[in-house]
Participant: 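For reference, the structure I am asking about is given below.
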Amino acid sequence: MGAGLLMILYVAVALLPLGLAWLQGAPPRSVADELASGAGLLALAIILVEFVISGRFRTISRRIGSDVTMRMHQLVARSALVLAMAHPFLYRGPTGHAPEWDISRAQSITWDFTAIWPGIVAFALLPALVLLALGRTKLDFRYETWRAMHGIGAVLIAGAGVLHATRAGRYSADPLLGGLWWGMFGVAVASLLFVYVARPLMRWRQPWTVTRITPAADRTWEVTLTPARPFAWRYQAGQFAWLNIGHSPFSFHENPFSIATAPAQGPEIGFVIKELGDFTGTIGRIAPGTRAYVDGPHGHLSPAGHAAQGLALIAGGVGIAPMLGILRELAATGDARPSTLIYGNRTAGQIVNPDELAALARDHGTNVVHVLSEPAPDWDGEAGIISRALLQRHLGRPNHRDWLYLLCGPPPMLEGVEASLLAMGIPAQNILSERFVYD
Ligand SMILES: Cc1cc2nc3c(=O)[nH]c(=O)nc-3n(C[C@H](O)[C@H](O)[C@H](O)COP(=O)(O)OP(=O)(O)OC[C@H]3O[C@@H](n4cnc5c(N)ncnc54)[C@H](O)[C@@H]3O)c2cc1C
């Protein structure tokens, strides 16, 4: 199923409750009341579908990319917030207890406490959840604490929202729509159980052992894992995985890292990890032999399945990790397509595995272009940032238009390079990128 079809499916499911409400053919009320109901129905549907799109499902992330999925999760959550906040204030009809005979709740907006309280709970929790997500990096929470709070908060909001809709809603009083709400809530909870219970159980049976931790550059390490018992773990060069070192497979202590090894190199997998915070700051102290669990592979940053004439890899900083995996795969499989690596860093000390990159250039013929923004006086390579002029110099020939462009690095670099490539006439579908930061 392609990305376009997935998007159509997403929109169809989000609009399904509205469609079912419309098909009921109930006598119309005032425009304001219909808008209020519509806003509530749409907000709840979006909230329930959010569980699936943000649930680390490989089928979704492999086709759309995890960063795009997360961006979509953030944007639609904001739309749901606006709709949910508007919902109670749009009503204009009379409030009170619905008469016994008014089973379709057409005559009045119910004010029964049993129907209203879940709505109040969801109404209060939703902005708190969104604000905590927006301000996460500024708040003094550990990432794992925030993630647990985010998941529990989302389930409470979804459950309270469905309870409110089925008890108070005019259209949701219909058994078909009421059933759909509980069905969607079931799928949302099942998707959480799948990610946090079923998949960890599967991982338990596939433990890894840390075999080597070697310095790769300034404050950057290469971590190598071996299956602790024989099992097949398939991935494509350039994908990423959630890595948990030294914790139970059910732990929230797991971080996403690109796989820097190549499938063709054998069962070992490796990651290039830069020291940044709580977990990555301890990498250099992890003892070989430590147990690890890997959730993946995820992501779509891979040349696999693309029949491009050549490959352009553009990396900034530790964004080199997936590119190393791709270059190692090209070399290990003897892929004869031309390739260029443009690799930006601040200083030469930050270049990961410079000797290996030089060997790849020599033995495999990859055109490796180092770009330093703060070079030493004796640096004779490219200096500055990865600008359009620089890209034009190295990737400006007419045949480069049909190459596949794989990008990974800090968000400003990605935005600049994407804009430059598009301005150079590279078709958007030939550009794949991975963000390491979702904020
Ligand atoms: C798809 C993807 C691939 C990545 N690949 C690499 C790589 O190959 N090499 C590399 O060095 N870094 C990579 N990163 C970044 C890496 O995940 C973070 O640097 C790391 O998780 C920081 O953890 P920390 O506990 O040391 O830092 P903290 O100080 O705890 O966190 C710093 C920031 O890192 C992010 N972060 C922390 N924990 C998580 C988590 N569990 N899930 C998601 N984000 C988190 C958050 O934005 C947080 O604010 C990648 C990120 C993503 C999303």
Side-chain angles (χ1 to χ4, degrees), residues 54-56 58 60-62 64-71 73-74 132-151 195-196 213 215-225 235-247 251-261 269-286 292-302 313 315-328 343 345 350 352-353 406-411 413-414 432-439:
S54 53
R56 283 205 224 162
R58 274 175 251 165
I60 299 177
S61 73
R62 204 180 302 140
I64 303 185
S66 299
D67 46 357
V68 176
T69 321
M70 286 316 290
R71 193 77 196 126
H73 169 66
Q74 293 161 350
L132 274 179
L134 289 175
R136 177 177 63 77
T137 48
K138 288 169 207 77
L139 299 167
D140 199 17
F141 284 125
R142 285 181 60 94
Y143 187 84
E144 293 74 23
T145 315
W146 171 81
R147 208 170 131 203
M149 281 169 33
H150 195 70
V195 171
Y196 294 110
I213 299 185
D218 288 352
R219 299 178 54 227
T220 305
W221 304 83
E222 184 151 11
V223 179
T224 309
L225 311 181
Y235 66 100
Q236 294 168 350
Q239 287 193 289
F240 76 91
W242 292 74
L243 178 61
N244 159 345
I245 299 186
H247 297 278
S251 165
F252 272 21
H253 288 90
E254 46 174 10
N255 299 58
F257 296 104
S258 295
I259 307 165
T261 41
I269 57 171
F271 302 89
V272 170
I273 298 181
K274 186 174 168 104
E275 291 179 16
L276 181 79
D278 301 340
F279 167 65
T280 49
T282 65
I283 284 287
R285 299 197 294 276
I286 290 170
Y293 296 96
V294 177
D295 174 25
H298 294 278
H300 72 324
L301 188 81
S302 175
L313 314 178
V318 76
I320 189 65
M323 308 308 173
L324 260 185
I326 293 168
L327 289 170
R328 286 168 170 173
Y343 179 21
N345 278 290
Q350 292 175 331
V352 166
N353 295 0
L406 298 122
L407 280 46
C408 189
M413 182 214 107
L414 287 184
L432 299 178
S433 62
E434 183 85 82
R435 270 162 213 271
F436 283 180
V437 184
Y438 292 146
D439 303 317

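Just follow the structure's listing: the first ligand is 1, and inside any ligand the first atom is 1.
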Participant: Using heavy-atom distances, let me know which of Gly277, Gly325, Gly319, Pro322 sits nearest atom 29 (O) of ligand 1.
Facilitator: Gly277
Participant: Donor-acceptor pair, distance only, cut-off 3.5 Å: does the side chain of Tyr343 make one with the backbone of Leu313?
Facilitator: no
Participant: Which atoms of ligand 1 are found less than 4.0 Å from any heavy atom of Glu254?
Facilitator: 40 (C), 41 (N)
Participant: Can you find a pair of side-chain heavy atoms, one from Ser258 and one from Phe436, that are under 4.5 Å apart?
Facilitator: yes
Participant: With heavy-atom distances below 4.0 Å as the criterion, list the atoms of ligand 1 near Ile273.
Facilitator: 11 (O)
Participant: I'd like the name of whichever of Glu275, His253, Lys138, Arg136 reaches closest to atom 47 (O) of ligand 1 through any heavy atom.
Facilitator: Arg136
Participant: Run the numbers for me: atoms of ligand 1, each under 4.0 Å from some heavy atom of Thr280, listed by number.
Facilitator: 24 (P), 26 (O)
Participant: When you compare the side chain of Tyr293 with that of Ile245, does any pair of heavy atoms fall below 4.5 Å?
Facilitator: no
Participant: Mind checking whether Glu434 has an N or O less than 3.5 Å away from an N or O of ligand 1?
Facilitator: no
Participant: Does Arg147 qualify as a cation-pi partner of Trp242, given the criterion of NZ or CZ under 6.0 Å from the six-membered ring centre and within 45 degrees of its axis?
Facilitator: yes
Participant: Flag the pair Arg328 and Glu222 as a salt bridge only when some basic side-chain nitrogen lies within less than 4.0 angstrom of an acidic carboxylate oxygen.
Facilitator: yes
Participant: Determine whether a donor-acceptor pair (N or O, by modelled atom type, separation under 3.5 Å) exists between the side chain of Gln239 and the backbone of Gly299.
Facilitator: yes
Participant: As an exercise, identify every atom of ligand 1 less than 4.0 angstrom from a heavy atom of Ala321.
Facilitator: 8 (O)
Participant: Would you kindly specify which portion of Tyr143 sits under 4.0 Å from ligand 1, judged on non-hydrogen atoms: side chain, backbone, both or neither?
Facilitator: side chain
Participant: Can the ring centres of Tyr196 and Phe252 be said to be less than 6.0 Å apart?
Facilitator: yes
Participant: Taking 4.0 angstrom as the limit and counting only heavy atoms of Val318, give me the atoms of ligand 1 inside it, by number and element.
Facilitator: 9 (N), 10 (C), 11 (O)
Participant: Is the shortest N/O to N/O distance between Arg435 and ligand 1 below 3.5 Å?
Facilitator: no
Participant: Is it the side chain (CB and beyond), the backbone, both or neither of Thr220 that lies under 4.0 Å from ligand 1, heavy atoms counted?
Facilitator: neither
Participant: Ignoring hydrogens and geometry, is there a side-chain-to-backbone donor-acceptor pair from Ser251 to His247 under 3.5 Å?
Facilitator: no
Participant: May I ask you to check whether Thr261 and Tyr235 show a side-chain donor-acceptor distance below 3.5 Å?
Facilitator: yes
Participant: Only heavy atoms count here, so choose which of Leu301, Leu276, Thr137 is nearest to atom 34 (O) of ligand 1.
Facilitator: Leu276
Participant: Which of the listed options, Phe240, Trp146, Trp242, Phe271, holds the heavy atom that is closest to atom 1 (C) of ligand 1?
Facilitator: Phe240
